[in-house]
> 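Before anything else, here's the structure in question.
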Amino acid sequence: MTDVGPMDLIDDEDSDVEEGIDKQTRTKLAYNLPGSMPNNGRPIIRTKCLKIAPTGRSWAAATTEGVLIYSMDESFVFDPTDLDMDVTPEAVEKALSEDQHQRALFLSFRLNEDSLIKHCIMSVKPTDIPAVASSIPFRYLQRLMEALSNLLENSPYQEFILRWCQEFCKAHGHSIQENFRTLHPALRSLNKAITRSHQDLSETCSSNLYSLKYLTSTITKN
């Protein structure tokens, strides 16, 4: 056994045929156990650690092929970037409790957990939005736009989210233009969310305006 897998699966031979038995057949004979699916020559990974979530609905394995996450919940997506020992949900909450909103948001981007990212966005004070928005690296812009699009469709704090949209567009407009093709799907989703929000607010405002006019005319007559 090596760090990259079983020694028998490492192809260090000059020929695929040895003593009349090809390597693929020899691998099947060696690793196909009763009741198991055929291996078909795929490498066998080595598991160094296995942890089960307290809920019993997901578990993780540290293997020679990376960290593997399995969950019974379809909405669960674990796809972190630049992950290390200090990047944890606890670290995000600690940064928020210390009013380090910029650090908390960056940590949530690295964890790439949707609920954490939205929580950090909503935790930023309105007066701090311009500073935090302008400090976001380009590699996180697409993820930020996706989160803002979803918040616009599901959050009642429309003015707050639109302020975020305005500030990050002002701060990163040039980068967005230069990388339009890469960011186009996220921009399109954000534009749809803003347009839908504008239409909903317009209908509400128009309805309220006509109601106010009617009430005003009624009071005047009385």
Side-chain angles (χ1 to χ4, degrees), residues 49-63 66-172 175-176 179 182-194 196-197:
C49 183
L50 180 67
K51 294 291 183 180
I52 301 176
T55 60
R57 297 185 61 82
S58 60
W59 58 276
T63 74
V67 178
L68 306 181
I69 307 293
Y70 295 88
S71 174
M72 296 175 64
D73 301 318
E74 295 182 359
S75 60
F76 178 80
V77 178
F78 183 71
D79 186 20
T81 58
D82 301 327
L83 195 62
D84 58 40
M85 295 295 292
D86 297 327
V87 182
T88 62
E90 290 76 15
V92 174
E93 294 296 337
K94 182 180 179 181
L96 288 175
S97 65
E98 297 174 352
D99 289 333
Q100 298 180 5
H101 300 288
Q102 178 180 322
R103 171 177 167 75
L105 185 58
F106 289 177
L107 289 173
S108 68
F109 280 133
R110 292 173 67 181
L111 284 169
N112 201 19
E113 288 193 18
D114 190 61
S115 59
L116 272 180
I117 293 174
K118 293 175 182 176
H119 178 51
C120 291
I121 289 174
M122 300 301 297
S123 298
V124 178
K125 298 177 182 178
T127 54
D128 294 337
I129 291 177
V132 177
S134 62
S135 67
I136 295 175
F138 172 77
R139 64 180 179 274
Y140 297 141
L141 287 185
Q142 180 173 347
R143 192 66 187 87
L144 174 64
M145 285 188 282
E146 291 171 352
L148 291 175
S149 300
N150 191 266
L151 282 171
L152 271 175
E153 294 178 350
N154 300 287
S155 173
Y157 305 104
Q158 297 290 298
E159 183 179 358
F160 182 82
I161 306 303
L162 289 172
R163 178 75 185 278
W164 258 103
C165 297
Q166 181 185 37
E167 294 300 333
F168 98 80
C169 284
K170 286 166 60 177
H172 302 282
S175 298
I176 293 173
N179 300 272
T182 303
L183 299 175
H184 181 258
L187 280 170
R188 187 175 179 180
S189 297
L190 185 60
N191 181 58
K192 284 185 176 180
I194 293 174
R196 189 178 298 111
S197 176

> Can you measure from CZ (Phe138) to CG (Leu144) and round to the nearest 0.5 angstrom?
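Spacing of CZ (Phe138) from CG (Leu144) equals 12.5 Å.
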> Mind checking side chain to side chain contact (heavy atoms under 4.5 Å, CB included) for Pro137 and listing every partner two or more places apart, or none if nothing turns up?
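Result, side chain to side chain contact (heavy atoms under 4.5 Å, CB included) vs Pro137: Phe106, Arg139, Tyr140.
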> With sequence neighbours left out, which residue pairs that include part of residues 125-135 fulfil the salt bridge (Lys or Arg N to Asp or Glu O under 4.0 Å) condition?
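Qualifying pairs: none.
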> Hey, could you give me the OG/CD distance between Ser189 and Glu153, rounded to the nearest 0.5 Å?
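Interatomic distance, Ser189 OG to Glu153 CD, rounded to 0.5 Å: 8.0 Å.
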> If you take all heavy atoms of Ala186 and Ser149, which pair is closest and at what distance?
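Result for this residue pair: O-OG, 4.2 Å.
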> Taking all non-hydrogen atoms of both residues, which atom of Leu111 and which atom of Thr88 are closest, and how far apart?
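Minimum heavy-atom contact is CD1-C, 3.6 Å.
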> At what distance, to the nearest 0.5 angstrom, does CG of Leu116 lie from OG of Ser123?
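One finds 10.0 Å between CG of Leu116 and OG of Ser123.
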> Residues in side chain to side chain contact (heavy atoms under 4.5 Å, CB included) with Ala60, at least two apart?
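Only Ile69 meet the side chain to side chain contact (heavy atoms under 4.5 Å, CB included) criterion with Ala60.
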> CD/Gln158 to CG/Leu151 distance, rounded to the nearest 0.5 angstrom?
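Answer for the CD-CG pair, Gln158 versus Leu151, is 9.5 Å.
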> Would you name the heavy atoms of Lys118 and Ala147 that are closest together and state the gap between them?
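Where Lys118 meets Ala147 most closely, the heavy atoms are CE-O, 4.3 Å.
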> For Tyr157, which residues count as a side chain to side chain contact (heavy atoms under 4.5 Å, CB included) partner, sequence neighbours excluded?
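Testing Tyr157 for side chain to side chain contact (heavy atoms under 4.5 Å, CB included), a comparison that skips the adjacent residues, returns Met122, Ser155, Phe160.
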> To the nearest 0.5 Å, what is the distance between CG (Leu187) and CD (Glu146)?
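The CG atom of Leu187 sits 10.5 Å away from the CD atom of Glu146.
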> Under a 3.5 Å distance rule, please check whether Glu113 uses its side chain to pair with a backbone N or O of Ser108 as donor and acceptor.
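No.
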> Donor-acceptor pairs are to be reported for all side-chain atoms of residues 161-171 against protein atoms at under 3.5 Å, with residues two or more places apart or in another chain.
residue	atom	partner	partner atom	Å
Arg163	NE	Glu167	OE2	3.3
Trp164	NE1	Ile121	O	3.3

> Which heavy atom in Leu190 sits nearest to a heavy atom in Leu152, and how many Å separate them?
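Distance-wise, the nearest heavy atoms are CD1-CD1, 4.1 Å.
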> Do the side chains of Arg143 and Asp114 get nearer than 4.5 Å, heavy atoms only?
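The answer is yes; the side chains approach within 4.5 Å.
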> Hey, could you give me each pair passing salt bridge (Lys or Arg N to Asp or Glu O under 4.0 Å) that has a residue in residues 87-108? Not counting sequence neighbours.
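Salt bridge (Lys or Arg N to Asp or Glu O under 4.0 Å) check on residues 87-108 returns no pairs.
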> Do the non-hydrogen side-chain atoms of Leu96 and His119 ever get within less than 4.5 Å of each other?
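The answer is yes; the side chains approach within 4.5 Å.
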> Which heavy-atom pair separates His172 from Ile136 by the least distance, and what is that distance?
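What the structure gives for the nearest pair is CE1-O, 3.0 Å.
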> To check you understand the geometry: which heavy-atom pair defines the closest contact between Leu107 and Val87, and what is its length?
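Looking at all heavy atoms of both residues, the closest pair is O-CG1, 3.9 Å.
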> Quick check on Leu50: does its CG atom have over 12 non-hydrogen neighbours (other residues, nucleotides or ligands) under 6.0 Å away?
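For Leu50, atom CG is crowded (more than 12 foreign heavy atoms under 6.0 Å).
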> A side-chain contact here means heavy atoms from C-beta on lying under 4.5 Å apart; do Asn112 and Ile117 qualify?
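Asn112 reaches Ile117 side chain to side chain.
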